[in-house]
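Naming convention: chains lettered A, B, ... in sequence-line order (proteins, then strands); numbering from 1 in each chain. Note: hydrogens, waters and symmetry copies are ignored here, and every other heavy atom, side chains too, is used.
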2 protein chains.
Amino acid sequence: MHKSLNEIAQHLPANVLAEDCPSRAILQHVTSRWGTLILIALAPGTLRFAELRRRVQGISERMLAQTLQVLESDHLVIRTAHEVVPPHVDYALTPLGAELAVRVLSLAHWIEENLPALQEAQT
Amino acid sequence: MHKSLNEIAQHLPANVLAEDCPSRAILQHVTSRWGTLILIALAPGTLRFAELRRRVQGISERMLAQTLQVLESDHLVIRTAHEVVPPHVDYALTPLGAELAVRVLSLAHWIEENLPALQEAQT
DNA sequence: GGAAGAACCCACATTTCTGTAAGTATGCCG
DNA sequence: CGGCATACTTACAGAAATGTGGGTTCTTCC
């Protein structure tokens with residue numbers, strides 16, 4: 001019996017340089033303007049919505065809520081709502097998210113440390 | 001004598017979570033839709049414009065040229081134009097860019113390898 | 001009684017990003 | 001002479017991302 005295209009695709013290595021590889025979409029989420037910063041802010045531990053908003057300076061409520069939903073759907077962040085009034089919602093990295101965050105932090109820290117070299121005299 | 005705000009800022013550690021820290025702008029460049037992919041494509045070595053365009057599937061000439069200029073201004077990529085006709089231009093990572101690319105690749109590879117877990121049954 | 005607080009959602013306006021199509025220069029090839 | 005090739009640039013247009021302001025719910029504090 002022949003294998004379906006899907007079955008074959010399953011075993012092909014993912015490649016972000018390929019236009020239609022699903023990995024590219026996730027890379028996009030992670031490297032989105034606010035996605036990266038949210039991952040970084042959550043790295044040290046669980047935070048509530050308002051606190052997260054304060055850490056990720058400059059983000060609007062709308063973007064925070066929206067980006068969190070995307071990260072949640074990628075299984076990188078977990079949302080825990082406590083049914084009380086006023087609302088109390090916690091956001092944390094999943095184990096998967098934590099692994100990713102390590103890479104993101106490494107990237108961000110490198111930039112922070114090499115900032116002087118990066119912004120040297122632009123002609 | 002008192003220190004100017006600038007002098008003080010110079011010694012403050014860079015922080016991407018701070019709204020006006022220049023490191024955030026660079027992070028933005030690197031994590032931009034095409035910036036990341038270009039860095040990845042250049043990691044194995046020097047490429048010409050057209051070849052780069054073929055590797056980064058889906059990018060338009062416009063975006064490739066534009067993004068390359070940004071990365072060049074951040075000292076992450078070097079452009080070498082050979083004055084011949086037809087034009088011949090090479091793009092390569094700078095030593096700085098190569099260091100960054102390591103981090104970017106680590107991020108991308110992790111996503112590629114964990115793709116199955118990331119896209120598991122979305123409710 | 002009125003205000004404040006939490007974590008949102010929604011409509012609307014605007015800014016920013018991205019793509020498409022066309023144009024530029026110049027020498028070689030047929 | 002006409003066309004091709006390379007690496008762009010520019011104008012224009014449509015799509016996508018982002019911000020703003022207002023509303024919601026229920027309870028505690030003054």
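Between B/Gln66 and B/Arg62, the side chains place a donor N or O and an acceptor N or O closer than 3.5 Å (distance only, hydrogens not considered).
Between the CD atom of A/Glu61 and the C1' atom of C/dC9 there is a distance of 10 Å, given to the nearest Å. For the pair A/Arg79 CZ and C/dA7 C1', the computed distance is 8 Å after rounding to whole Å. For the pair A/Leu64 CG and C/dC9 C1', the computed distance is 14 Å after rounding to whole Å. In this structure, A/Glu83 atom CD and D/dC26 atom P are separated by 12 Å, rounded to whole Å. Taking atom CD of residue B/Gln57 and atom P of nucleotide C/dG19, one finds them 14 Å apart after rounding to whole Å. Atom pair A/Ile59:CD1 and C/dC8:P shows a separation of 12 Å (rounding to whole Å applied). At whole-Å resolution of the value, CG in A/Asp90 and P in C/dA6 are 13 Å apart. Following rounding to the nearest Å, A/His88 (NE2) and D/dT28 (P) show an atom-to-atom distance of 16 Å.
For B/Val89, the listed nucleotide lying nearest its side chain is D/dC8; candidates were D/dC8, D/dT6, D/dT18. The side chain of A/Pro86 lies closest to C/dG5, out of D/dA7, C/dT18, C/dG5. Closest to the side chain of A/Trp34, out of C/dT18, D/dG19, D/dT6, is D/dG19. Comparing C/dG19, D/dT6, C/dA6 by their nearest atom to the side chain of B/Arg33 picks out C/dG19. Of all nucleotides listed (C/dT18, D/dT18, D/dA7), D/dA7 comes nearest to the side chain of B/Pro87.
Applying the 4.0 Å criterion to OP1 and OP2 of C/dC9, one finds that A/Gln69 has a side-chain N or O inside that range. For the OP1/OP2 pair of C/dA6 and a distance below 4.0 Å, the side-chain nitrogens and oxygens of A/Tyr91 include no atom meeting the criterion. The side chain of B/Arg62 places no N or O atom within less than 4.0 Å of a non-bridging phosphate oxygen (OP1 or OP2) of D/dT10.
Classified by interplanar angle (parallel below 30°, tilted 30° to 60°, perpendicular above 60°), the ring pair B/His88/B/His82 is perpendicular.
For B/His75 against A/Glu120, the heavy-atom pair with the smallest separation is NE2-O, 3.0 Å.
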### Query
Given B/Arg48 and B/Glu51, is the salt bridge (charged side-chain N to carboxylate O under 4.0 Å, His left out) satisfied, shown in steps?
CA-CA 5 Å; B/Arg48 299 181 56 173; B/Glu51 179 58 19; over 6 Å; no
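Residues A/Gly58 and A/Val85 each lie close to DNA chain D; by heavy-atom proximity, the contact nearer the 5' end of the strand is made by A/Gly58.
Across all strands, A/Gln28 comes closer than 4.0 Å to no nucleic acid atom at all (heavy-atom distances).
The shortest side-chain heavy-atom distance between B/Leu27 and A/Leu37 falls under the 4.5 Å cut-off.
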